[in-house]
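Bear in mind that the values here come from a model prediction, so they are computed numbers and not experimental data. Every heavy atom of this structure was used, including side-chain atoms; hydrogens, water molecules and symmetry mates were not. Sequence lines set the chain letters: A, B, ... in the order given, protein chains first and strands last, and positions in each chain run from 1.
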Amino acid sequence: MLEIPAQLWQRTKSSYIWRSFFRHGYPDSRKNQSLAVFTNVFLHLHPVKVRRHALAIPYTWCMGGLSFFLFLVLTLTGTLLMFYYRPTTEWAYSDIKDLETVVLFGQLLRNMHRWAAHGMVITVFLHMIRVFYTGSYKPPREFNWVIGTLLFFFTILLSYTGYLLPWDQLSFWAVTVGYEIARATPFIGDEFSFVLFGGYQLGPNALLRFYVLHVVGLPLVVGFLIAIHFWRIRKDGGITGPL
Amino acid sequence: MIRPHTDTTTVGLIGRIKRRQLLRAGFLTGTLLATLELTAIVVPFFRVNKITGLGAKIGVGPKADILARFKSANDIPILNVEGKFFLLHAPGGVIAAYRKCTHLGCSVPFNDGEDQFHCPCHGSLYDKHTAVVKGGPAPKPLQLFHIAADASGTLTVDTNPLNVIDRQANVWDPKVLEITE
């Protein structure tokens with residue numbers, strides 16, 4: 001009875017297409033286990049073998065990993081929010097209202113995006129503290145510390161640009177404070193604010209600019225920096241551990 | 001096969017620069033130029049050329065109509081929301097007050113019951129006719145926009161907030177009048 005499916009299964013597994021997808025056998029031997037990690041685009045971020053201390057939560061708190069996880073959550077929920085949000089002064093506020101009251105799971109999406117954003121600022125900050133207190137910024141990791149501080153900076157910028165998008169009183173006046181801070185730049189303050197925000201006060205231009213920065217510009221930069229960050233961890237000898 | 005390098009021409013500038021050096025210098029110069037050009041274009045690109053609302057020159061109609069409105073409505077200031085200013089009936093003329101509290105920048109509303117400007121943020125008070133401070137933490141009167149009148153008496157308010165009449169003294173000075181009755 002089972003001969004025909006078994007034969008089909010064997011033929012599928014030996015087919016050219018299957019073998020171009022999976023280039024190693026079932027991961028039940030050490031070699032195949034290594035290959036499973038090594039040849040997978042997602043798993044290859046991790047080394048095939050990790051040191052025992054790298055799995056100890058009390059040392060790293062897994063804060064870097066959590067930050068990356070939240071970044072992925074934000075990318076996913078943010079992309080879904082983009083389907084219902086229009087970045088114009090006419091629609092922004094009411095679209096957020098609709099997301100909360102009309103769209104199926106819209107409120108859940110928005111809250112996930114909001115809390116993950118708050119969480120990411122916290123986890124990135126705790127990650128930075130952990131790296132500092134364990135001395136993990138010391139050579140050869142000093143370059144990665146610089147990348148990390150840039151990532152922290154861009155996390156704040158993402159948070160700030162996203163703050164304006166609901167276009168309510170809180171976001172408007174909070175970002176107005178930022179506008180006035182930018183105006184305090186020596187010598188070029190007025191011009192700097194004007195160019196950055198696209199006007200003498202927050203308006204349609206500022207909303208659109210912040211939206212584009214929030215959903216395209218800054219995530220691209222952050223994604224690029226994250227790639228370098230992870231690559232450097234591997235090149236600097238894997239995840240840091242007690243000496 | 002790798003041949004040992006032999007210098008045959010060492011005379012003049014051309015002789016001293018090797019081919020590879022020349023190419024490298026040319027490539028670097030080109031890259032540098034392209035980067036400079038792109039950088040120089042980026043800032044003007046992001047600088048908006050068309051301003052609507054605050055910053056634009058906003059027409060507010062004939063002077064006679066404005067004065068008639070003041071007369072019929074007990075000199076209540078006329079709010080222009082898009083341009084973010086009030087037209088006030090100052091002693092002897094019309095002024096345009098930038099609707100931004102000189103304390104911390106809130107949008108100041110006119111309070112009909114109190115017959116004065118009353119900022120909701122920290123309670124600064126401004127005069128109905130001159131916008132000088134009558135109380136609260138505001139350090140100076142509301143800033144004034146320049147007003148221009150054409151031949152037919154139609155007024156245009158220049159709402160550029162970087163080009164205002166910034167009164168430091170907290171008294172009414174008739175010299176700021178640009179439109180007289």
Applying disulfide bond (SG atoms under 2.5 Å apart) as the test, list every pair that has at least one member in residues 99-197 of chain A; sequence neighbours left out. none
Applying a criterion of heavy atom separation less than 4.5 Å, what residues of residues 153-164 of chain B form contacts with chain A? Asn160(B), Pro161(B), Leu162(B)
Hey, which residues of residues 55-93 of chain B are touching chain A, say heavy atoms under 4.5 Å apart? Gly55(B), Lys84(B)
Residues, nucleotides or ligands: over 12 heavy atoms within 6.0 Å of [X] [atom1]:
X         : atom1 : result
Arg114(A) : CZ    : no
Tyr93(A)  : OH    : no
His146(B) : NE2   : yes
Tyr160(A) : OH    : yes
Tyr179(A) : OH    : yes

Rounded to the nearest 0.5 Å, how far does [atom2] of [Y] lie from [atom1] of [X]?
X         : Y         : atom1 : atom2 : value
Phe194(A) : Ile51(B)  : CZ    : CD1   : 3.5 Å
Trp173(A) : Cys121(B) : CH2   : SG    : 7.0 Å
Lys100(B) : Gln201(A) : NZ    : CD    : 8.5 Å

Applying a strict 4.5 Å limit to non-hydrogen atoms, the region of Tyr200(A) in contact with chain B is both
Answer with side chain, backbone, both or neither: which region of Leu54(B) has an atom nearer than 4.5 Å to a non-hydrogen atom of chain A? both
Within residues 205-236 of chain A, which residues come under 4.5 Å of chain B, heavy atom to heavy atom? Asn205(A), Arg209(A)
